[in-house]
There are 2 protein chains.
Amino acid sequence: MSALSGDTRLPRYQRLAEALRQEVVERRWKPGDRLPSENDIAALYGVATGTARQALVQLVKEGLLKREHGRGTFVRRPNFDQSLFRFFRFWAKDGVRSVPESRILRRVMAAPPGHVARSLRIEDGGGAINMSRLRLIDGEPVVAEEIWLPLDLMEKFLDVAEADIGPLLYPVYDEVCGQTVARAEESLTVESSAPETARLLRLEAGAPIIVIDRLARGYDDTPLEWRRSRGAADRFHYHTEIR
Amino acid sequence: MSALSGDTRLPRYQRLAEALRQEVVERRWKPGDRLPSENDIAALYGVATGTARQALVQLVKEGLLKREHGRGTFVRRPNFDQSLFRFFRFWAKDGVRSVPESRILRRVMAAPPGHVARSLRIEDGGGAINMSRLRLIDGEPVVAEEIWLPLDLMEKFLDVAEADIGPLLYPVYDEVCGQTVARAEESLTVESSAPETARLLRLEAGAPIIVIDRLARGYDDTPLEWRRSRGAADRFHYHTEIR
DNA sequence: AAGTGGTCTAGACCACATA
DNA sequence: ATGTGGTCTAGACCACTTG
């Protein structure tokens with residue numbers, strides 16, 4: 001039986017949640033792994049099953065775990081259905097969400113601009129990988145992306161053959177660099193398209209463009225990727241419920 | 001002791017939640033009212049306190065109730081901090097969110113366009129109130145609004161003196177028409193400004209514009225207001241977290 | 001001091017998934 | 001049949017707010 005660590009003034013279920021969170025952060029439990037059952041966790045940490053349950057439910061709410069009745073509790077594989085991209089109309093074709101084809105236009109080592117360096121916590125003089133990518137559906141360009149990676153964590157990504165890079169980058173980061181993207185922050189703004197972007201996306205210059213900036217982080221909050229994506233605004237439609 | 005109604009195959013806490021929800025929908029409990037304590041509710045409906053608690057927690061999660069340690073459980077007053085408007089930069093001035101001044105340009109009875117009539121569930125030939133409103137900060141126009149109300153529920157709104165209509169409409173709907181706005185759906189798109197909108201907002205024609213459509217509903221889901229708002233896109237900035 | 005919600009226990013029984 | 005999570009009980013004690 002492990003002891004619960006941390007501030008003893010905190011509720012047990014919160015201290016237990018923190019202990020379980022650490023198991024994931026420190027990669028002892030990986031995405032897809034099954035956790036011990038409620039009763040086992042309760043016994044292991046010396047709390048009642050109801051208390052263990054409360055901790056598990058909280059971690060589900062946070063998006064770290066997933067529970068399946070009769071099967072068990074699992075470390076959730078982050079997926080990015082919540083990404084603002086899902087609100088581009090072309091993304092969902094015939095009701096089914098499709099991953100667009102992707103074409104890498106550039107992949108080089110480079111010095112990141114100041115705001116990217118700050119976001120990725122790159123020290124002065126620290127290096128980065130810069131990538132330019134175009135995403136297409138039925139051969140038609142729909143999103144242009146500019147991507148920056150911190151060189152120290154992602155260096156091996158430079159060695160990957162282009163043929164081995166599919167339309168999804170995060171599984172590659174995971175397999176090649178051992179870095180799991182656990183969450184991200186996104187922000188959305190609108191601009192009038194610059195000539196170069198307009199050419200890439202085959203729009204007239206000045207057409208409204210949605211700009212989505214994303215900072216992806218690991219389980220321990222380490223910044224792993226900075227990405228700026230641009231798409232035609234007339235194909236964007238966001239819907240939400242408020243109370 | 002009341003009996004729990006509804007499908008007996010459903011869990012008790014869900015049937016209890018539904019019963020409590022009805023108390024709010026049917027206006028026996030109004031926003032701001034305090035509910036009986038956990039123990040009283042448990043005794044009233046013949047369940048264990050833990051079960052009553054589970055129902056209450058669910059209703060808090062849904063946004064219907066609010067609990068305060070040591071004080072009690074209350075019917076929440078809906079507020080619209082989650083509105084997409086909050087992502088217009090001018091909305092928050094010096095960190096404090098301000099309600100902009102508002103100027104009503106038009107308020108008349110009119111036949112609603114088809115999509116508005118459908119949203120507001122107005123029958124063929126049913127009437128509506130149409131309003132045009134401009135919202136300003138420091139005398140500068142920032143958002144132009146087009147508003148439609150169903151005549152049968154909101155007729156009395158036509159009689160209110162313009163001086164008695166402040167910058168917030170929902171309290172007026174509540175006091176004058178007895179209709180409480182409990183929630184809303186919003187959707188966001190982008191367009192190039194038409195000449196008339198550009199003139200109202202003092203922009204050059206064709207400048208990118210954020211369009212937010214909102215459908216506001218009562219506790220029983222009755223549509224109460226349809227609203228389309230337009231603001232300059234260069235002042236819009238949306239931020240979100242994804243997992 | 002009394003009343004409220006928040007935490008916690010030590011179980012029982014049920015519904016679901018899997019071998 | 002076994003093991004999992006989901007529901008439920010009947011309390012106890014604690015932390016917070018208010019009269």
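Labels below follow one simple rule: chain letters A, B, ... track the order of the sequence lines, proteins then strands, and each chain is numbered from 1. Computed from heavy atoms alone, side chains included, the values below leave out hydrogens, waters and symmetry copies.
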Colleague: Compare every heavy atom of A/Thr189 with every heavy atom of B/Phe236, then report the nearest pair and how far apart it is.
Modeller: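 For B/Phe236 and A/Thr189, the tightest heavy-atom pair comes out as O-CG2, 3.7 Å.
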Colleague: Are side-chain N/O atoms of B/Ser229 and B/Arg135 paired as donor and acceptor at under 3.5 Å?
Modeller: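 Not at all, the side chains of B/Ser229 and B/Arg135 share no donor-acceptor pair under 3.5 Å.
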Colleague: Nearest-Å distance, CG (B/Asn39) to P (D/dT9)?
Modeller: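 Rounded to the whole Å, the gap is 13 Å.
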Colleague: I want to confirm an ordering. Mapping B/Pro11 and A/Asp40 to their closest nucleotides on DNA chain D, which one lands closer to the 5' end?
Modeller: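 The residue closer to the strand's 5' end, by nearest nucleotide, is A/Asp40.
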Colleague: According to a strict under-4.0 Å criterion, is A/Thr73 in side-chain N/O contact with OP1 or OP2 of D/dG5?
Modeller: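 A/Thr73 to D/dG5 OP1/OP2: side-chain N or O found under 4.0 Å.
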Colleague: Quick one: label B/Arg53 by what it contacts on the DNA or RNA (base, sugar-phosphate, nothing), any heavy atom closer than 4.0 Å.
Modeller: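 B/Arg53: base contact, heavy atoms under 4.0 Å.
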Colleague: Atom CG of A/Leu59 to atom C1' of D/dG5: distance rounded to whole Å?
Modeller: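 Checked: the CG to C1' distance equals 15 Å.
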Colleague: Flag as yes if A/His69 stacks onto the base of D/dG6 (centroids under 5.5 Å, planes under 30°), otherwise no.
Modeller: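 No; centroid distance or tilt outside limits.
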Colleague: How close or far is atom P of D/dC8 from atom CD1 of B/Ile41, stated in whole angstroms?
Modeller: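 That distance rounds to 16 Å.
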Colleague: Using 30° and 60° as the class boundaries, would you call the ring planes of A/Tyr170 and A/Tyr173 parallel, tilted or perpendicular?
Modeller: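 Correct class here is tilted.
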Colleague: So does A/Arg227 get a backbone contact from the side chain of A/Arg214, meaning a donor-acceptor N/O pair under 3.5 Å?
Modeller: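 A pair under 3.5 Å: no.
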Colleague: CG of B/Leu4 versus C1' of D/dT7: gap in Å, rounded?
Modeller: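 For the pair B/Leu4 CG and D/dT7 C1', the rounded distance is 14 Å.
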Colleague: Nearest whole angstrom, please: distance from the C1' of D/dG6 to the CD of B/Gln14.
Modeller: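 Interatomic distance, CD of B/Gln14 to C1' of D/dG6: 11 Å.
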Colleague: Salt bridge check: are A/Glu185 and A/Arg217 linked by an N-O gap of less than 4.0 Å?
Modeller: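 Result for this pair is yes, salt bridge flagged.
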Colleague: Could you tell me the separation between the CZ atom of B/Arg67 and the P atom of C/dT4, rounded to a whole number of Å?
Modeller: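 So the CZ-P distance, B/Arg67 to C/dT4, works out to 12 Å.
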Colleague: What is the separation between atom NZ on A/Lys66 and atom C1' on D/dG5, rounded to the nearest whole Å?
Modeller: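 Atom-to-atom, A/Lys66 to D/dG5, this comes out as 14 Å.
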Colleague: Which comes earlier along DNA chain C counting from the 5' end, the contact point of B/Ser37 or that of A/Arg12, where each point is its nearest nucleotide?
Modeller: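 It is B/Ser37 whose nearest nucleotide is closer to the 5' end.
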Colleague: So if I take every side-chain heavy atom of A/Val47 and compare against C/dG11, C/dT7, C/dT9, which nucleotide ends up nearest?
Modeller: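 Closest nucleotide among those given: C/dT9.
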Colleague: Ignoring backbone atoms, test whether B/Arg71 places a side-chain nitrogen or oxygen under 4.0 Å from the OP1 or OP2 oxygen of D/dT18.
Modeller: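 The answer is yes; a side-chain N or O of B/Arg71 sits under 4.0 Å from OP1 or OP2.
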Colleague: Using atom CD of B/Glu68 as one end and atom C1' of D/dA15 as the other, report the distance to the nearest whole Å.
Modeller: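 Rounded to the whole Å, the gap is 15 Å.
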Colleague: Any side-chain N or O of A/Thr51 below 4.0 angstrom from OP1/OP2 of C/dT9?
Modeller: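 Yes, A/Thr51 has a side-chain N/O under 4.0 Å of OP1/OP2 on C/dT9.
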